[in-house]
Amino acid sequence: MNSHRKLITLDEFTIQETRQFPQATGELSALLRDIGLACKIINKQVLKAGLADILGKHGATNVQGEEQMKLDVYANEMLISVLRGSADCAGIASEENDEHVCFAEDFSVNSKYVVLFDPLDGSSNIDVNAPIGTIFSIYRRVSPLGQPCTTEDFLQPGNKLMAAGYVIYGSSTMMVYATKIGVNGFTLEPSIGEFCLSHPNMKCPEKGKIYSINQGNTCKYSEGTKAFLDYCMENNKEQGRPFSHRYIGSMVADMHRTLIKGGIFMYPADKSNANGKLRLQYECNPMSFLIEAAGGVASNGSMRILDIVPTELHQRCPIYIGSKNMVEKALSYADSPATVA
Ligand code: AHG
């Protein structure tokens with residue numbers, strides 16, 4: 001790294017961003033910093049994941065006599081604990097909890113925002129040391145201040161999001177988040193324990209060459225989805241050869257690549273799952289908000305994901321997301337790809 005380059009930390013960046021808006025109170029920025037803090041603590045634990053068997057199996061006690069927790073449970077509890085202590089969060093909803101949680105402290109009931117998260121997405125990848133991540137999103141609450149938050153605060157469509165993003169625990173740890181003004185990425189500098197701006201103003205390439213889907217499920221896909229996959233595997237018009245296929249099976253990792261290199265990530269409906277697998281409020285909406293802020297496109301096969309009005313906290317949603325050219329191409333096969341054959 002150029003030693004003369006000024007290091008901009010996440011904290012400094014969010015403060016500078018707030019100053020661009022004279023009416024901003026700094027609460028949203030503070031919340032982003034709190035999420036960053038929780039994820040730094042989770043990261044420390046993720047880095048020790050391979051040692052679980054050495055230190056003691058889950059459910060057992062470790063050498064310090066502390067109970068070992070599964071990483072996703074640990075991540076969930078850490079986010080809840082940090083956000084409960086934050087002056088800027090009225091409550092949370094987590095993929096790990098059946099119901100939302102309202103924080104009862106005096107400062108919480110007067111907080112403007114609620115946070116939704118998938119604390120450890122792709123957790124089946126932990127055992128094979130592949131990238132995993134935390135996905136988060138922030139809504140301004142619609143319930144009155146001074147009272148506990150309500151279900152309605154968490155069932156807002158993605159087009160009402162104030163900010164959303166993810167932390168990827170990969171070969172390096174990065175936090176990428178979007179507000180309506182753009183997408184920025186911060187790499188954790190372990191020696192100082194700070195997220196530092198490394199990827200300013202991220203844009204999803206308009207044209208991609210990579211498709212990302214669990215192709216093992218092809219027999220269950222609709223005829224439209226199968227036809228699009230055939231197109232991806234042919235010598236297509238765009239590049240005169242087939243597209244490349246990449247699939248990690250951890251949405252954060254597959255989306256991080258899609259954001260940087262372009263392409264399409266899909267988790268369509270199939271014969272066994274009429275709405276796909278991924279959750280609207282914890283995975284599809286935050287990623288759709290982020291990819292749109294980066295110039296990309298996100299659809300459920302028939303409509304913009306951000307315009308779907310959620311009816312349940314844990315509802316699922318098919319997703320086609322990424323570079324404009326590839327998502328539009330996939331949707332052109334939508335007889336529809338979202339419809340089960
Ligand atoms: P989990 O957190 O249970 O491992 O689920 C991961 C999610 C998402 O991150 C990924 O894109 C998708 O499930 C992978 O599902 P398949 O294994 O069905 O492809």
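Start at 1 and go down the list; that is how both ligands and their atoms are numbered. FYI, the numbering just counts along the sequence from 1. We use all heavy atoms of the structure for the numbers below, so side chains are in, but hydrogens, waters and symmetry mates are not.
The six-membered or imidazole ring of H199 lies away from that of F186, with a centre-to-centre distance of 6.0 Å or more.
At the top of the distance list for atom 11 (O) of ligand 1, counting protein heavy atoms only, stands M251 N, 3.4 Å. Shortest contact from atom 2 (O) of ligand 1 to any protein heavy atom: G122 N, 2.8 Å. Among all protein heavy atoms, the one lying closest to atom 13 (O) of ligand 1 is K277 NZ, 2.9 Å. Counting protein heavy atoms only, atom 14 (C) of ligand 1 is closest to Y247 OH, 3.2 Å. Nearest protein heavy-atom neighbour of atom 4 (O) of ligand 1: S124 OG, 3.1 Å. Among protein heavy atoms, atom 10 (C) of ligand 1 sits closest to G249 O, 3.4 Å. In this structure, atom 18 (O) of ligand 1 lies nearest to the protein heavy atom Y267 OH, 2.6 Å.
Heavy-atom contacts from other residues, nucleotides or ligands closer than 6.0 Å to CD of E206 number 12 or fewer. Within 6.0 Å of CG in D106 there are 12 or fewer heavy atoms belonging to other residues, nucleotides or ligands. Atom NZ of K324 sits in a sparse spot, with 12 or fewer heavy atoms from other residues, nucleotides or ligands closer than 6.0 Å.
Near N214, the atoms of ligand 1 lying under 4.0 angstrom from a non-hydrogen atom of the residue are 16 (P), 18 (O), 19 (O). Near S123, meaning under 4.0 Å from one of its heavy atoms, ligand 1 places the atoms 1 (P), 2 (O), 4 (O). Within the listing of ligand 1, atoms 2 (O), 8 (C), 9 (O) sit less than 4.0 angstrom from a heavy atom of D121.
Close N/O approach between S250 and ligand 1 is not found [any backbone or side-chain N/O within under 3.5 Å].
Within the 4.0 Å heavy-atom criterion, the part of F265 lying near ligand 1 is the side chain and not the backbone. Of all the heavy atoms of L278, the ones lying under 4.0 Å from any atom of ligand 1 belong exclusively to the side chain.
A salt bridge links E12 with K6; the closest basic N to acidic carboxylate O contact falls under 4.0 Å.
Side-chain contact between Q315 and P310 is present, with heavy atoms from C-beta onward closer than 4.5 Å. Side-chain contact between V252 and Y169 is absent, with no heavy-atom pair separated by less than 4.5 Å. Using a 4.5 Å heavy-atom cutoff, the side chains of Q156 and V142 are in contact. Using a 4.5 Å heavy-atom threshold, the side chains of L120 and I42 count as touching.
Put simply, no part of D254 is less than 4.0 Å from ligand 1, judged by heavy atoms. Remark: distances from the non-hydrogen atoms of I248 to ligand 1 are all 4.0 Å or more.
Judged by the 6.0 Å and 45° rule, K329 forms a cation-pi pair with Y231.
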